[in-house]
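Only one structure is covered here, and it is reproduced in the block below.
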Amino acid sequence: MKFSVLSDSLEKMESTTKRIELTDILVELLKNTHASIISKVIYLIQGKIRPNFEGVELGIAEKLVIRAISKSSGITTKKIEDDYNDGGDLGKTGANILRQKTQTTFTAETITLERVYDTLLKISKLEGKGSQDMKMKYISSLLNDATPIESKFILKILLGTLRLGIAENTTMDALAIAFTNEKSNRELVENAYNVSSDLGKVSEVLATEGINGILKFTTSLFSPIRPMLADRVKSEDDAFKKIKNDFAAEYKLDGERAQIHKKNNEIVLFSRSLENITRYYPDVVEKISKCINANDGIFEAEIVAVNENTGNFLPFQELMHRRRKYKLEQAVSDYPITVNFFDVLYYNQTDYLEKPYMERRKTLENIIKENNFAKLVPMSIVSNEGDVTESLENSINSGCEGLMLKVIDSPYRAGTRGNNWLKLKREYQNELGDSLDLVVVGAFFGRGRRTGKYGTLLLSSYNSESDTFPTICKVGTGFTDENLDQLFQILSSKVTLKKNPRVESTMEADIWFEPELVLEIVASEISLSPIHKTGLNMIRKDIGFALRFPKFTGKIRSEKSAEDASVDEEVLALYKNQKKSEMN
Ligand code: AMP
């Protein structure tokens, strides 16, 4: 297929933010795509080349792209950088520069989608000495044959800046319409996605085998399942309003969620965002098989750092010392962990997702052989508010964050957040009612003790509807010197020449970052703000929400991706809650 079929559709999608229009364009594109390459189209429109859990990253730096544009156009890197500084979008800048060149050349090969995809895949696999030059050559060879519009989108995909506002939900709607003529089949598409975490694969099966094909998607080993998520409650009373009967109260541990896949002695771990994290936990790979009395299974557990002498849980940040490329063995011995099981999703070649919570828990209790390394998350059945308070206190005294309250007869609802799991955290008793997970998008240079580091950070929530990061506050308190050093180091690798187009801000930061790093923040209040963009127009026209007296809790949420940050609706809910309690 000609790459221009895709790039023309992308161009149309770029000019609209309306979900219905986006869906229509996507349906049209999918209908015009041959089944054999449908998965490639699905990955590319999401700005990727493989499903997330395979960890295939393009990660091309702006500098390299500028060099490639220069090579293809004969225009100096300096001129390209200047244009980029004026224009704001390197994809567009590149296309404009290359347009000038195209006018003077005669022949160019038509480029196919297959060629672009295969080249991107090759680029992603290059590493080590000489790889930067090779990448540059590959990019430049594509640009030599691409039209300006094609170049723009190739560049955007390479840079990771293709933001069309096509959420996964829209893609699933379009798949259902394009291949089954029925939007109502979207639920079946979603079910297949929930157990495979691979929309490319779902689309390919749908295009070749139709609806019967996707009905065959089942839970399978080493293919991650989209995690079930919890809604929040702020008090025991609130919990009983949402769950009418007895329910299970489990400790909410403060660590990293791991989906553990086991087949005999083969172990693979996926994070909450379905990244393969096996390499960070060689001790789990080595020891966990002996603690699981089953040949195969998919389990969920919270991995928590512990004090080796006392066995006490340590805060989440301790665990993040393991997120390193080098000297991992040292980190494994310096930061010991326990694996705390709380669910089983597959066992003995049987899917457990539809089984009720209590049956899954009993199965887990039968399978897990507890020792110093592997444990079951403590659970008790609660039937009144007093029981919940007692459990909450016990959990907090053991160094946990609070409770996870689970409906006893509920199945495991992969990929959904709802009332079958509720989280009740200790912080809920503080002024705001909850902490927020916010994305660092920019910074202001520090003075005094903080000279040379970032003194104040600019933070954003996530707007899932528009796939953007609207700002919500600046934060400068709660940081220790160690935090400042650590953040400076992490953020230095995320600096961009200008504001990322997905960031919505009226403030001009001294420095901008790729919106990637998530921090946990508490605050005293949510106020209305003409400056910040979170929840814009939700309460009043042209007015958003801001946090008053925000403070960093010390927790860098490295396990969360920017899209897992608190969403505008959560901020709105907290704002309304606060209004209610002001009135009481
Ligand atoms: P939050 O990140 O605040 O939305 O809380 C949900 C997270 O709590 C999950 O993704 C898990 O990592 C973690 N967690 C800790 N203990 C449990 C538990 N007993 N059941 C489920 N999730 C848990």
Side-chain angles (χ1 to χ4, degrees), residues 224-234 239 247-260 269-275 277 299-306 313-317 319-320 337-345 357-358 360-361 364-365 368 375-382 388 391-392 394-396 398-408 410 412-428 432-438 461-462 518-522 553 555-567 569-570 573-574:
I225 298 164
R226 296 178 72 217
M228 177 163 175
L229 303 170
D231 239 337
R232 64 183 77 216
V233 281
K234 67 178 193 351
F247 48 83
E250 293 181 359
Y251 285 11
K252 183 175 192 304
L253 285 77
D254 186 18
E256 171 157 39
R257 184 174 190 161
Q259 199 178 99
I260 304 177
L269 272 64
F270 296 103
S271 70
R272 181 182 191 273
S273 46
L274 306 182
E275 182 198 347
I277 48 167
F299 306 92
E300 281 208 294
E302 190 82 355
I303 298 182
V304 187
V306 286
F313 292 135
L314 295 175
F316 172 77
Q317 303 86 285
L319 196 60
M320 288 301 115
I337 54 168
T338 56
V339 181
N340 303 273
F341 288 87
F342 61 82
D343 222 320
V344 51
L345 313 183
Y357 166 84
M358 213 50 204
R360 302 200 310 277
R361 173 77 195 193
L364 201 60
E365 287 173 5
I368 303 302
K375 310 217 169 278
L376 284 161
V377 168
M379 184 277 278
S380 55
I381 301 294
V382 287
V388 183
S391 257
L392 184 63
N394 290 341
S395 122
I396 284 161
S398 326
C400 298
E401 282 188 307
L403 295 176
M404 291 292 280
L405 307 171
K406 301 183 176 178
V407 173
I408 294 170
S410 143
Y412 187 94
R413 291 258 170 262
T416 48
R417 188 188 295 282
N419 281 346
N420 285 325
W421 281 16
L422 300 172
K423 55 186 172 184
L424 175 61
K425 283 206 234 171
R426 175 182 41 183
E427 291 103 335
Y428 288 13
L432 189 58
D434 192 11
S435 57
L436 290 166
D437 293 324
L438 301 172
S461 60
Y462 177 55
V518 179
L519 302 182
E520 190 182 76
I521 302 292
V522 286
T553 63
K555 284 190 197 164
I556 301 178
R557 310 295 316 231
S558 340
E559 88 288 13
K560 292 202 169 178
S561 64
E563 288 79 6
D564 291 325
S566 302
V567 291
E569 285 73 19
E570 283 178 70
L574 288 172

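In each ligand, atom 1 is the first atom listed, and ligand 1 is the first ligand listed. Residue numbers run from 1 in the order of the sequence given. These numbers come from a predicted model, not from an experiment.
- Scanning for ring pair (Phe, Tyr, Trp, His ring centres under 6.0 Å) contacts around Phe270 gives His261, with sequence neighbours left out.
- Side-chain contact between Asn340 and Val304 is present, with heavy atoms from C-beta onward closer than 4.5 Å.
- The closest side-chain heavy-atom distance from Asn394 to Cys400 is not below 4.5 Å.
- Tyr251 pairs by the ring pair (Phe, Tyr, Trp, His ring centres under 6.0 Å) definition with nothing, not counting sequence neighbours.
- Under the side chain to side chain donor-acceptor pair (under 3.5 Å) criterion, Arg557 pairs with Glu520, Glu559, sequence neighbours left out.
- For ligand 1, the 4.0 Å heavy-atom shell contains residues Glu250, Tyr251, Lys252, Leu253, Arg257, Arg272, Glu302, Phe342, Val377, Met404, Lys406, Trp421, Lys423, Lys425, Lys560.
- Partner Ser395 forms a side chain to side chain contact (heavy atoms under 4.5 Å, CB included) with one of Leu403, Val377, Leu424 and no other, that one being Leu403.
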